[in-house]
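Input: a single structure, listed below in structure tokens.
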Amino acid sequence: DVQVPGQNAPLISNTEGAIARDFSTYLVPVGAADIFFPTNFDALASLYAKQMQRPLWEGARAEAEARHCSDFFKEFADLDVTT
């Protein structure tokens, strides 16, 4: 659960060993935690679709899709570099 108060507040967390620790503030030492910002993907998709109704230039076309992380990594991961 997010410990920082407020609507759509970020999650500040770190993991040591197998133990996850959430912080109640973003004022932690640099590198001590990761900050995860909430994303409303439905609103983002709607905004993107509306923006793409206006052409950027003649013939411009953009597409977007949502994927599960595993599907994305199967297609785009460079395992020789990351493992």
If you compare all heavy atoms of [X] against all heavy atoms of [Y], which two are closest, and at what distance to 0.1 Å?
| X | Y | result |
| --- | --- | --- |
| Thr25 | Leu27 | OG1-N, 3.0 Å |
| Arg67 | Asp71 | NH1-O, 4.1 Å |
| Ala33 | Val28 | CB-CG2, 4.0 Å |
| Pro5 | Ser24 | CD-O, 4.3 Å |
| Phe23 | Ala32 | CE1-O, 4.4 Å |
| Val4 | Ala9 | O-CB, 3.3 Å |

task = Treating Ile, Leu, Val, Met, Phe, Trp and Tyr as nodes and any side-chain heavy-atom pair under 4.5 angstrom as an edge, say whether Phe37 and Leu44 lie in one connected cluster.
result = no
query = What about Leu47 and Phe41, same hydrophobic cluster or not, with Ile/Leu/Val/Met/Phe/Trp/Tyr joined at side-chain heavy-atom distances under 4.5 Å?
reply = no
Phe36 CZ: over 12 foreign heavy atoms closer than 6.0 Å = yes
message = Counting neighbours of CD1 on Ile19 that are heavy atoms of other residues, nucleotides or ligands and sit closer than 6.0 Å, is the number greater than 12?
response = no
query = How many angstroms lie between atom CG of Asn14 and atom CD1 of Ile35, to the nearest 0.5 angstrom?
reply = 11.5 Å
Arg21 backbone acceptor or donor facing Ser13 side chain under 3.5 Å = yes
task = Check whether any side-chain heavy atom of Asp22 sits under 4.5 Å from a side-chain heavy atom of Leu11, and report yes or no.
result = yes
